[in-house]
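Okay, so here's the structure we're looking at.
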Amino acid sequence: MSLITGILEQLINGLRTGSIYALIAIGYTMVYGIAKMINFAHGDIIMVGAYSLYVFTAILELPAAAAVILTVAVCAALGIVVERIAYKPLRNAPSLAVLITAIGVSYFLQNTALLIFKATPIPFGSIINISGIRLGNINISGVTLVTFVATAVMMVGLTLFVNKTRAGSAMRAVSEDRGAASLMGINVNKTISMTFAIGSALAAVAGILYICQYQSLQPTLGALPGIKAFVAAVLGGIGNIPGAMLGGLLLGIIESLSRAYISTQLADAIVYGVLVIVLLVRPSGLLGKQKTEKV
Amino acid sequence: MKKWGKAVSFIMAASLVVASLTACSGSGETTADTTAAGETSAAAGTETFLIGGIGPLTGSAASYGISVEQGAWVAIDEINAAGGVKVGDTTYMLDMVFEDDEATEDKAIQAYNTVMDEGAQVIMGAVTSGACIAITPLTLQDGILQITPSGSAEACIANDNAFRICFSDPEQGRAMADYAIDSLGYTKIAVLYNNSDEYSTGLQTAFEEEVKAKGGEIVASESFGADDVDFNTQLSSIRSTDAEVIYVPAYYQAATYISNQAKEMGMEIPFIGSDGWDGVLGTVTDASTVEGAIFSSPFCASVDDERVQNFVKAYGEANDGAVPDQFAADAYDTVYTIKAAMEQAGSIESEDMIAAMTEITVNGLTGDAITFDASGAAEKDVRFVEIVDGAYQYREE
Amino acid sequence: MNKTSAGKTPAKYGKIVLNILITLAVYAVMMVVIQGGMLSRQMTSIIIPCCINVMLAVSLCLLVGYLGELTLGHAGFMSIGAYAGALLTNYLDMPPVAELLIGMLAGGIIASVFAVVIGLPVLRLKGDYLAIVTLGFGEIIRSVINSLEFTGGAKGLSGIGTYATYKNFTFVYIFVILTILLIANLVHSRHGRAITAVRDNYIAAEAIGIHVGRFKTMAFVISAFFAGLAGVIYAHNVGILKPANFDYNKSIEILVMVVLGGMGNIKGSIIAAIILTLLPEVLRSAADYRMLLYSIVLIAMMLFNNSRFKLAIVEKRNLKKAAEIQKEGE
Amino acid sequence: MALLEVKGLGISFGGLRAVDDLNMEVDRDSLVGLIGPNGAGKTTAFNLLTGVYEPTDGIINLDGVNLVGKKPPEICEAGIARTFQNIRLFSQMSVLDNVKVPLHHHLSYSLAESFLHLGSYRKKEKEMDERAMEILSVFDLDKQADQLASNLPYGKQRKLEIARALATEPKLLLLDEPAAGMNPHETEELMNTIRLVRDRFKVAILLIEHDMKLVSGICEYLYVLNFGTELASGKTGDVLNDPRVIKAYLGE
């Protein structure tokens, strides 16, 4: 195989993981942008989504479409519940307290899943039965194609939602200045709840695609993609939706190319190295808005 | 200003501690019950011999520790049902305490001390290599017999009081290399291993050295990290070489992802693996992805062997129909090794049992005639398992 | 919060004496229970891990509590210290205590050197960005150690002399007390005030002549030094080092101690570190439920610390204090 | 020679000229006002003087030393201290510590002494305490020395900020709207305090203020900014009667 097709194939591999990172990062970044908190448990919502899909299809034997809708609903509801119980009381607390709480929620979800489903991986067949396409020597699977499309649709849809709808402008107002937004008659609690519902629904979609891609369920499955997606969101400029998509895809490609051509051992170090360099050059990430404190 | 909050925090933490202490004493009572049962039988001329098990029951390696604990209980129940272990005039009933080490070194030390507090007379563990190495200085100091069912790193049995049931990583890696070249006839081999795991790297190093020594060629040596689930990059790299076979010295979780993704990519290069592959059929969605894979394994739950099938049946009955893996089998053999050492030594003193270890032969699940050399390593035949028609099968020599 | 009346008042001297008494009393009690064999082996083996976590928590407290910067890479510095110290003592052939002393010095210094190199560029970032970058550096350190030959890679570095066990409690205790004392002293000095000023308002701090970058780096380096020391003790307590044990979860574990201890509260950090080290051991019998309980406690504590209930308590205390001050004024 | 000399000072943000060709002189021990409508560039001028922004052109000389290109801490060391329009205290530190932080320029000890509390630590800390209490007593804050800065009432917070700035022993003190949010009574008191500060600490004061009562009451000389450029300057009485100034304030 020539070098060019080799590189092309690795690029496709990068896009494949990258689009999953991007999908998760979009939810991460939206919650951060509006609620101004690092929702460390976002990755674990993905895990909940994956297990829900498993329960609905493999155990309750519901049709795929119904199972997907129910999974999204379960995660959205979970997002709202978590926000109400764990984060809402901390609206005015220091961000560190919120971060620790989010870590607590993450541990809670993981260990609950561990108690219910045990540590042994559960095999799960993909519910997406679309045949892949072949470009010369390179095979792109159906799931990968669906993930690509889903990520792009989510990004565009979410950007439009935030910028063009009434609810979206309420979100932006809350993001800019919570106090002012509530003075203008925006229900801040409702808006933040909605943010979490949408963010968690996105996580559910990510969970569904993730599990169709990798076909194995473990209680910790959300942890690593969660961290990677967080890195992607920061890389792209946290709070910025197209930035999250860009960050996710870049992360996937960097990871794939450095594994293939530099060192598989140091790939993680390279990914974090790129993050550090980008942040040093552009402290708010690639597409993030530069914020200076007014003196 | 923060004091009050602190005070209340303390009260919360303290109440938690108290709650857990009561939980502790609760479970203490149940152990007291079993010892009470032991005492009543002691009145009938028997005593209890306590095995201290150490392994991960929580955390990412939990499944290995749980298998070891469950496999050991099958052997213990079997031995006790058959009348216990006769040492001189006394009959000993076996019992076990098993403590969680989360597969980490510092927790292993605490787990070891905990089982010693509970009066362990022999140590079965630790299950994972790092944890096992961490407790070896302590077991040496206490002069207690330590048998690890699955600690495969060489340093696990560096001391005279330490023995192991499984193969060491270098032994297994070399054996697979010999088999791949001599019996399977491969010359161009790719390796895909977990670089954050001492088991995987230990196998990979020995395998690659042996392949090169035998005149074979390692055409690619790719690695992955602890929780990786995407192996397309590495597989693409391997596909661009002229590898005839891929050696994957890893546990079945990784093997599941790898074989699945290779199939999805349309790769047709066969796989060979290590004993960690045992269990892979339980986690793949499509058995055809691992069809034809060959791996070195001392144990295979589906072979047509009466002893193995009895073990599988007993294990399943005790654990909701679970199928035992090699960890369970290693633990089962560990318990029988302990029994043999007690009988051979005619004593339950660790010193005597350690001396007896090199004299015993154990007819186990993972080997027909397991013996131990002075270094503490088990000597037994290497077996190879092939996946044929979605089932494990021993390879005929 | 911190009572700083002009000069050393008698009350202040009393506090110093009390602290010395507590230090000695803890030491005496520990020696009696260790020498007298009053503790179970399980409890004996948890003593040094408690000490290590206290050192880690107190050193991170300087960064998170007093400098006010959230870092998630503390385990990285701990691992650098641990590996540097262990490699050195493996190479040396001297009496254990001498080896350990040299190892600790080396571990601390090398960890601080890395802190300077990492801190100079990174500390320009703030808040969540700093958190993610320090997390990144922690992971970089881990994967580099994992890929190096002389650190033993994934197999780990074994054969480290277990010098820092409970039998050498006196030695370890001295370093715990030194860590606490030095950091507490620093906090109550001009340097500590400058660091706290940066936390409260870095723009104002700059305007009154504080070189913000310099003090941030100083705090970062000092914190890394003590994390390095703790790492060396860890290495010589466990006897084997594996890169996997120094991932971001370890950093989070230390961070949780500092936060539960009340952030910027050294005493709180010490107590939280001890409780959080003991808790898993005490909860051994709860095995499966242990982490679940831990997560619930974590959430509950955070919610309580920021609840209206707590606020009411604080307000009541403030009112009382205000009344007292009024009285004094009259 | 004037204490502060500013010549042709300017800065652009993108295409916007926030301050353009500003010329100022402030004499030793003088009390000078910088006034102008909102958005005239007064605070930007302060930020240029204290190094928060680097000027794109012009020179700033303090006592003959060029300050352009220096960072805020260096400018503070050179002798300019300031307060902020929106109060910036070290809110979680005690009132006393707020004033002790800047003292370390003049009463210093080494890091080793900080760690060990030995050597000159005790002596220097005592001197710091005394000096800080002395400054606090000028502002009638000595009784609240142990309180958290954030617990002080608004007016006292303003005073504490001035006290903290004075602790750096500046030659020139910049006050950014010191009377903002104060009632007439408090403003009256503040005027006395500012005069007292000038006389007691031998410091020149340049202040931004909207309260014309305060400006006319204490300033000896005024500079008026409008749209980033100097509109007028001169003796207070003259400037306040200047029709251009009145127009700028009242609008067209």
Side-chain angles (χ1 to χ4, degrees), chain B residues 1-6 8-10 12-14 16-17 19-21 23-28 57-59 99-100 102-118 129-131 133-134 136-138 153 155 158 169 194-202 205 223 225-226, chain C residues 1 40-46 49 143 146-147 152-156 158-159 162 234 237-245 247 260-263 265 267-268 271-272 275-276 278-291 293 297 300-301 304-305 309-310 313-314 316-318 321:
Chain B
M1 162 184 147
K2 283 171 181 162
K3 266 185 195 150
W4 244 101
K6 236 172 36 190
V8 178
S9 308
F10 283 165
M12 287 176 70
L16 197 83
V17 170
S20 57
L21 276 173
C24 225
S25 61
S27 67
L57 298 178
T58 59
E99 289 296 340
D100 182 15
E102 298 171 38
T104 60
E105 289 66 35
D106 40 353
K107 293 281 176 205
I109 292 176
Q110 281 142 32
Y112 171 70
N113 283 307
T114 309
V115 298
M116 291 307 278
D117 281 336
E118 298 181 55
S129 290
I133 294 168
T136 51
L138 296 169
D169 297 330
N194 180 345
N195 68 33
S196 65
D197 177 48
E198 79 262 37
Y199 162 74
S200 197
T201 50
T205 317
S223 66
Chain C
M1 201 164 71
S40 67
R41 292 185 54 152
Q42 180 194 11
M43 284 301 140
T44 320
S45 66
I46 200 78
S143 34
N146 194 63
S147 67
K155 270 200 270 310
S158 54
T162 46
Y234 173 85
N237 179 243
V238 176
I240 171 170
L241 291 174
K242 287 210 298 182
N245 294 345
D247 63 354
L260 285 189
M263 280 203 262
N265 184 327
K267 257 182 236 153
I271 292 162
I275 290 179
L276 286 182
L278 287 177
L279 209 56
E281 285 306 311
V282 177
L283 290 180
R284 260 192 184 281
S285 54
D288 292 351
Y289 298 92
R290 190 182 58 212
M291 281 302 288
L293 278 175
V297 170
M301 295 270 251
F304 170 76
N305 274 343
F309 179 51
K310 167 93 181 275
I313 294 168
V314 172
K316 211 170 149 193
R317 274 175 49 84
N318 281 349
K321 206 174 168 192

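Every chain is numbered from 1 and lettered A, B, ... according to where its sequence line falls, protein lines coming before strand lines. The basis for the numbers below is simple: all heavy atoms, side chains too, and nothing from hydrogens, waters or symmetry mates.
Atoms CE and CD, on C:M43 and B:Q110 in that order, are 9.0 Å from each other to the nearest 0.5 Å. Rounded to the nearest 0.5 angstrom, B:D197 CG and C:K242 NZ are separated by 7.5 Å.
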Side chain to side chain contact (heavy atoms under 4.5 Å, CB included) between B:E102 and C:R290, worked out: CA-CA 12 Å; B:E102 298 171 38; C:R290 190 182 58 212; 2.8 Å; yes
Chi angles and distances behind the side chain to side chain contact (heavy atoms under 4.5 Å, CB included) call for C:E281, B:T114: CA-CA 9 Å; C:E281 285 306 311; B:T114 309; 4.0 Å; yes
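Both the backbone and the side chain of B:A134 come within less than 4.5 Å of a heavy atom of chain C. Heavy-atom distances place the side chain of B:Y112, and not its backbone, under 4.5 Å from chain C. With a 4.5 angstrom heavy-atom cutoff, C:P49 touches chain B only via side-chain atoms. There is no contact between C:Y289 and chain B, counting heavy-atom distances below 4.5 Å. Only the side chain of B:T58 has a heavy atom closer than 4.5 Å to any heavy atom of chain C.
Here B:I109 is the residue among B:L57, B:D169, B:I109 with the most heavy-atom pairs under 4.5 Å with chain C.
Between the side chain of C:N245 and the backbone N or O of B:T104, no donor-acceptor pair lies under 3.5 Å. When atom types are taken as modelled, the side chain of B:N113 and the backbone of C:S45 share no donor-acceptor pair closer than 3.5 angstrom.
Between the side chains of B:D106 and C:N237, not a single donor N or O lies within less than 3.5 Å of an accepting N or O.
Applying the side chain to side chain contact (heavy atoms under 4.5 Å, CB included) rule to B:A111 yields the partners B:I54, B:E99, B:D101, C:R284; only residues at least two apart in sequence or on another chain are considered. Considering only residues two or more places apart in sequence or on other chains, C:S158 meets the side chain to side chain contact (heavy atoms under 4.5 Å, CB included) condition with B:I133, C:I240.
Closest of all the heavy-atom pairs between C:A154 and B:S196 is CB-C, 3.5 Å.
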